[in-house]
Amino acid sequence: MATTAINLTPRDFKGKSDPDWCPGCGDFGVLNALQRAVAGLGFRPHEILAVSGIGCSSNLPGYFNAYGMHTLHGRSLAMATGAKMANHELKVIVTGGDGDGYGIGGNHFTHTARRNTDLTYIVMNNQIYGLTTGQVSPTSSLGMTTKSTPFGSVEQPINPITSAIMNGATFVARAYSGDVRHLADLIQQGINHKGFSIIDVFSPCVTFNLVNNHDFFKERVRKLEDDGHDTADWKTACEKAMLFGDTIYTGVFFEKERATLEQAEPVLREGGPLATRELGLDNEQAQKIIDRMM
Ligand code: SF4
């Protein structure tokens, strides 16, 4: 019997609880954009898994109607890789912040990029640790005064865009959460891309980072597409990604095709998702394994 396709709206991806973010937090724009993006692409909630680590922004899966996992600090990409390997037909979206993803989880960021695991990673980059009330993060600007750096940060911030490109990510973009329409479009492009897609989103922490606030970004952001940027040109992409002055670029910096982890791995390539294959164990053997692991 033919079924009638029902078009879902962004509201259908609203979670059971409402965000407890501070009023004005940039993360509201990211949640809104994500809901618009998946509704626009025609997804159903059961087709998506949202995975996060720890932090204000990592609470996002709780506010989003899909399968969700709120995992350990910095380990969201590792958990998401496992889920994707078990069922590579699932659309796996990873959400979190700059401290979680580039600091505590920095090693996973590197290795997920080089493996080109087919995940969409949305990083709400507010250049500070918000949940723990305002300490310096891996993307805080040099000289920034925070609770943990009262005399100014002496550490060079990492650049997520150049890092992702150099480590082998195959879709690398940046957005500003105040431009929800542009962000939703970038998320859709990231989801449609086959391979590791990262969207680094300037998502202001209006409570603890009073420098990089909405006014700061509104005055500076400029879209790469308006300047005719060539997304195949990694060198120019890196040069443009390093600008952080009067002009800060958003948009797709770099994109290329390369085999994903599940395409490159013969066990996963042949035979379909592990989750739908025969286990190869009888019930007694399976129960013994479960008992040993519990
Ligand atoms: Fe957002 Fe900052 Fe408030 Fe956390 S502390 S919810 S990042 S504004």
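Whatever order the structure lists ligands and atoms in, that order sets their numbers, starting from 1.
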- Message: Between Q188 and N192, is the side-chain hydrogen bond (donor to acceptor under 3.5 Å, both in side chains) condition met? List the steps.
- Response: CA-CA 6 Å; Q188 287 189 337; N192 284 335; over 6 Å; no
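- The main-chain N or O of F28 is never found under 3.5 Å from a side-chain atom of S177 such that the two would form a donor-acceptor pair.
- We find the NE2-CZ distance between H182 and R174 to be 11.5 Å, quoted to the nearest 0.5 Å.
- Atom 2 (Fe) of ligand 1 has its closest protein heavy atom at C205 SG, 2.3 Å.
- Evaluated by nearest non-hydrogen atom to atom 5 (S) of ligand 1, the leading choice among W21, F208, F28 is F208.
- Contact atoms of ligand 1 toward T207: 3 (Fe), 8 (S) (distance under 4.0 Å to a heavy atom of the residue).
- Atom 4 (Fe) of ligand 1 has an N, O or S atom of C56 inside 2.8 Å of it.
- N126 ND2, 3.5 Å is the protein heavy atom nearest to atom 7 (S) of ligand 1.
- Here the protein heavy atom with the shortest distance to atom 1 (Fe) of ligand 1 is C25 SG, 2.4 Å.
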- Could you go through the salt bridge (charged side-chain N to carboxylate O under 4.0 Å, His left out) check for R115 and E265 one step at a time? CA-CA 10 Å; R115 289 175 183 139; E265 171 57 63; over 6 Å; no
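- The aromatic ring centroids of F109 and Y102 lie less than 6.0 Å from each other.
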- Query: What's the verdict on side-chain hydrogen bond (donor to acceptor under 3.5 Å, both in side chains) for S197 and T120, showing C-alpha distance, side-chain angles and the deciding distance?
  - Reply: CA-CA 5 Å; S197 56; T120 303; 3.3 Å; yes
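- Scanning all protein heavy atoms for the shortest distance to atom 8 (S) of ligand 1 gives V206 N, 3.5 Å.
- In this structure, atom 3 (Fe) of ligand 1 lies nearest to the protein heavy atom C22 SG, 2.3 Å.
- For the pair R11 and F13, the NZ or CZ position fails the cation-pi test of under 6.0 Å to the six-membered ring centre and within 45 degrees of the ring normal.
- Counting heavy atoms under 4.0 Å from ligand 1, residue I128 does not touch it at all.
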